[in-house]
Amino acid sequence: MLLNAVETALMNNPLRTAIQRHFEAPRLCAMGGPLAGGRALEVGCGRGIGVELLLDHFGAERVDAFDLDPRMVARAGRRLRHREGVRLWVGDATEIEAPDASYDAVFDFGIVHHVPRWRIALREIHRVLRPKGRLYAEEVFESLITDPLWRRVLEHPQTDRFDHDGFRDALADEGFNVVATRTLWNRFGWFVADRKAA
Ligand SMILES: C[S@@+](CC[C@H](N)C(=O)[O-])C[C@H]1O[C@@H](n2cnc3c(N)ncnc32)[C@H](O)[C@@H]1O
């Protein structure tokens, strides 16, 4: 689901960059460590800050990244035009345009909760990870998405959302081994999970 105007503004500003750079990425790195292998994918890359973090802080050598919104991909393209090893496209997390087992790591910086059929997105992420490949995810929970105040300003799918246990259990159902989880105010969560060995 595309972002509404309010959330587009919330995502494309220096405060969001600072939160992603100084809080979310360090937390995920502390939980899951740097990459064990150089090929990374970011689903829902927005304007490309995450791609920079994967290259500069997680040790990725090549980053593929896509977003449902062509305007976001255009922004990311401008931002990353001088970076080597980056490939961007417009795409959908429920139909990832990549062969099976093609990545060492996949990153989700707050996008899966935007996907109506989010379990299919987890299945796709699992499919494109190599055995023992690692998912790093930062997510937003049902309690915030369905909060009457937030519903007035942000637009999200409202049915079949998840909390910490729901996301963790869905990861396990899709064949992940959940390595670490953290939550904040029962509204936000961080997850590191590995595709099981073949
Ligand atoms: C909350 S923003 C996060 C953007 C970026 N990851 C960040 O952290 O700044 C969610 C992003 O997911 C994208 N998105 C929503 N549904 C998607 C889908 N099915 N497949 C890929 N991207 C999707 C939106 O266009 C938006 O850029």
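Note that ligands are numbered from 1 as they come in the structure, with each ligand's atoms numbered from 1 the same way. Any value given below was found using the heavy atoms of this structure, including those in side chains, with hydrogens, waters and symmetry copies removed. Note that this is a predicted model, so its numbers are computed, not measured. Positions are given from 1 along the sequence.
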Out of [options], indicate the one that has the non-hydrogen atom closest to [atom].
atom	options	value
atom 19 (N) of ligand 1	V140, D67, V73, D92	D92
atom 17 (C) of ligand 1	T17, L68, T94	L68
atom 10 (C) of ligand 1	H114, E24, M72	H114

Are [X] and [Y] within salt-bridge range, i.e. N to O under 4.0 Å?
X	Y	answer
R27	E138	no
D104	R130	yes
R187	D147	yes
R117	D92	no

Looking only at protein heavy atoms, which one is nearest to atom 7 (C) of ligand 1, and what is the separation?
R16 NH2, 3.5 Å

Considering only non-hydrogen protein atoms, determine which one is nearest to atom 15 (C) of ligand 1 and report residue, atom name and distance to 0.1 Å.
M1 O, 3.2 Å

For ligand 1 and [X], I'd like to know whether there is a polar contact (N/O to N/O, distance under 3.5 Å).
X	answer
A93	yes
G44	yes
F109	yes

Short list, please: which atoms of ligand 1 are under 4.0 Å from a heavy atom of Q20?
7 (C), 8 (O), 9 (O)

Here's a test for you: under side-chain contact (heavy atoms from CB on, under 4.5 Å), which of R78, R83, E84 qualifies with L80?
R83

Check whether any heavy atom of [X] sits under 4.0 Å from an atom of ligand 1.
X	answer
V115	yes
G91	yes
G50	no

Would you call the rings of H164 and F141 parallel, tilted or perpendicular, taking 30° and 60° as the class edges?
perpendicular

Aromatic ring pairing H114/H156, orientation class (parallel under 30°, perpendicular over 60°, tilted between)
tilted

Indicate, as side chain, backbone, both or neither, the part of E42 found under 4.0 angstrom from ligand 1 when only non-hydrogen atoms are considered.
side chain

Measure across L122 and A170 and return the closest heavy-atom pair with its distance rounded to 0.1 Å.
CD1-CB, 3.9 Å

